[in-house]
Amino acid sequence: MTEFLYMGGYGGYVWSAYGLCLLVLLANVIAARLRNHNARREVKKYTGREQ
Amino acid sequence: MWTWAHKFGSPGYFYALAGKVNPWLTALYIALFATGLYLGLVVAPTDYQQGDSYRIIFVHVPSAWMSMFVYVVMAVFAAIGLIWRLKLTAVLAKASAPLGASFTFLALATGSIWGKPMWGTWWVWDARLTSELILLFLYLGFMALQAAMPDRQTAWRAGAILLLVGVVNIPIIHFSVDWWYTLHQPATITKLGAPSIHPSMLVPLLIMAVAFKVFYLSLLLSRARAEILHRERRTRWVQELARSGQL
Amino acid sequence: MRKQQTFSIFTGILRRDLKLAVRAPSQWINPLLFFLIAVSLFPLGVGPEQNMLREIAPGVIWVAALLAAMLAQDSLFRADFEDGSLEQMLISSRPMSMIIMAKVLAHWLVTGLPLIVLSPVLSILMGLSLVGWWALLLTLLLGTPILSLLGAVGAALVVSVKRGGVLLSLLVLPLCIPVLIFATAVVQTAGVGLAIEGQVSLLGALLALSVTLSPIAIAGALRVTGGAA
């Protein structure tokens, strides 16, 4: 396991590259979720006002 | 064909369809990422020249492919939007821009991290990295133009023209940067860009490429759904969805 | 008859824009001064050593020309947009591409051409050889019209945006990179005494391409953004 993490001495580079990817992709997922959440709330606010 | 296009292009239909498809896409990209990462990080053998640092290829190359792919997709939306005035194209292109910029940023950042052990510095004005940097500027320019114009319709049509101008220019920029790089070829020969690639490395690379594509598609649908809800919040179909508790 | 009419539109717009430029000289003199000052900052920034200056001269002069062109571009459609004459042009049945070409040509005559006139002074300041100066002249002659055309696309896109100058540069500068690459390569190659025909013909090809394609993009952009002031 430590050998796997070590990556033949390149562990720092490999894992920071993969970590950065995870971070950016995850940020995109969260941003999309938030946008959907906010849009739904916006719609419901409008519905509430109408009734 | 036309009735299909109009049915598909109607926001309500698209919203429902995207909502039905998206959970499957999410499951698919998670499975693809898991397989790709397992094959790429565990199964694929160590490269005899670059050691284990080459494993960055499994995220670097797919993001670089995606960065160009997304721009072309946006330009296609732009052309369709300008010619046939389909409302949906604006939603899809604007939802694509931050995703494409993210992929471009990832291609740059992972390329730079890979360059450190290979070239000895974080940044080299290498043809591919330079082209990728210019592509990032093009994405940011499109997003800045969208942000600067208050009227949504005008902003999208101006952005569509910019995208078409950009997509005509990209091959020229690419060619000129390649030519510039060979002109100023540095003395040290880089180890990147191996002439052939072993199947044990190619398979995870292709799986990761497909995973990135599915990820893009899923996020595109998700962002587009949010944008449609926002734009159509006052229309009857959205209000009916909200009242029946299906939102 | 019709051909003649089209031509008279072209010359009419050209004459009108040139007259306006003569009346408001600061619009084209200021970018020119910017060009001169920007180039003369480099020796102060990197040191007065002749050899180094000669080496960076093509890049410095061309980057400064690029920035000066972007500064000048912002005013291309602005006045016509604000006083409503742009809308008149769009509504009228006159060929839009003719109007655009006339406007871009007039703009190039007052912003691009002075850069070329100024180039001997800059070549002396940056220690370029006579051959290098000829090459610089040639590239400016072929390259600045491309900058004007590309800049006009950007100017048309941002015409309705208040303080759109910086945005214009963001949009257009990446598209100008091929011009920068080929133009500086010509001057560098000429400086070491090699043949430059290849690069010059590439610049010529870029010019031909932008003359044919950008009026379409400019007209499209103006139809989108140039409507109501």
Side-chain angles (χ1 to χ4, degrees), chain A, chain B residues 19 22 26 29 33 37 40-42 46-47 50-60 62-63 95 98-99 102-103 105-106 109-118 208 212 215-216 218-235 238-243 247:
Chain A
M1 188 64 197
T2 44
E3 203 178 319
F4 174 65
L5 288 178
Y6 185 61
M7 280 281 161
Y10 293 114
Y13 300 115
V14 173
W15 294 119
S16 60
Y18 278 83
L20 194 68
C21 279
L22 184 70
L23 215 66
V24 170
L25 296 189
L26 215 58
N28 269 302
V29 172
I30 292 169
R33 291 259 149 117
L34 264 180
R35 273 170 174 264
N36 272 294
H37 180 79
N38 288 343
R40 266 186 224 119
R41 219 177 41 190
E42 205 180 14
V43 169
K44 278 173 190 157
K45 219 161 72 186
Y46 192 77
T47 324
R49 217 173 30 218
E50 270 230 314
Q51 281 167 343
Chain B
N22 220 348
T26 310
Y29 78 66
F33 271 128
L37 287 177
L41 289 174
V42 183
T46 304
D47 187 72
Q50 303 190 15
D52 280 316
S53 73
Y54 90 92
R55 291 185 200 276
I56 295 175
I57 202 178
F58 300 125
V59 282
H60 171 71
S63 2
L99 295 169
S102 299
F103 291 128
F105 168 74
L106 277 183
T110 54
S112 166
I113 293 171
W114 194 5
K116 179 64 180 163
M118 289 302 108
M208 287 298 276
F212 269 80
F215 177 84
Y216 161 66
S218 163
L219 269 277
L220 174 64
L221 294 185
S222 174
R223 286 188 84 99
R225 267 164 66 90
E227 180 75 17
I228 288 173
L229 269 195
H230 169 70
R231 288 183 179 202
E232 311 259 318
R233 59 188 179 278
R234 295 197 182 114
T235 58
V238 171
Q239 288 302 320
E240 262 164 22
L241 269 187
R243 280 199 201 96
L247 211 58

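Residue numbering restarts at 1 for every chain, and letters A, B, ... go by the order of the sequence lines. What you see below is based on every heavy atom in this structure, not just the backbone, and it leaves out hydrogens, waters and symmetry mates.
Using a 4.5 Å cut-off between heavy atoms, Tyr54(B) makes no contact with chain A at all. For a residue to count as touching a neighbouring chain, one of its non-hydrogen atoms must lie under 4.5 Å from one of that chain's; by this rule Tyr13(A) touches chain B with backbone and side chain alike. Within the 4.5 angstrom heavy-atom criterion, no atom of Tyr216(B) approaches chain A. With a 4.5 angstrom heavy-atom cutoff, Glu227(B) touches chain A only via side-chain atoms.
Residues Ala226(B) and Ala39(A) approach most closely at O-CB, 3.5 Å, considering heavy atoms. Between Tyr18(A) and Val59(B) the shortest heavy-atom distance is CE2-CG1, 3.8 Å. Of all heavy-atom pairs between Val14(A) and Arg55(B), the closest is CG1-CB, 4.5 Å. The nearest pair of heavy atoms linking Arg233(B) to Val43(A) is CB-CG2, 3.8 Å.
In this structure, the side chains of Arg35(A) and Arg225(B) stay at 4.5 Å or more apart for every pair of heavy atoms.
In terms of heavy-atom pairs under 4.5 Å with chain B, the best-connected choice from Cys21(A), Ala32(A), Gly9(A) is Cys21(A). Note: Leu25(A) leads Leu34(A), Val29(A), Leu25(A), Leu20(A) in heavy-atom pairs under 4.5 Å with chain B. Among Leu41(B), Thr46(B), Val42(B), the residue making the largest number of heavy-atom pairs under 4.5 Å with chain A is Leu41(B). Of the listed residues (Ser53(B), Ala242(B), Gly51(B)), the greatest number of heavy-atom pairs within a distance under 4.5 Å of chain A belongs to Ser53(B). Between chain A and the options Leu106(B), Leu229(B), Val238(B), the largest number of non-hydrogen pairs under 4.5 Å is found for Leu106(B).
Note that the CG atom of Asn28(A) and the OG atom of Ser218(B) stand 11.0 Å from one another [nearest 0.5 Å].
At distances below 3.5 Å, at least one donor-acceptor pair connects side-chain atoms of Asn36(A) with backbone N or O atoms of Ser222(B).
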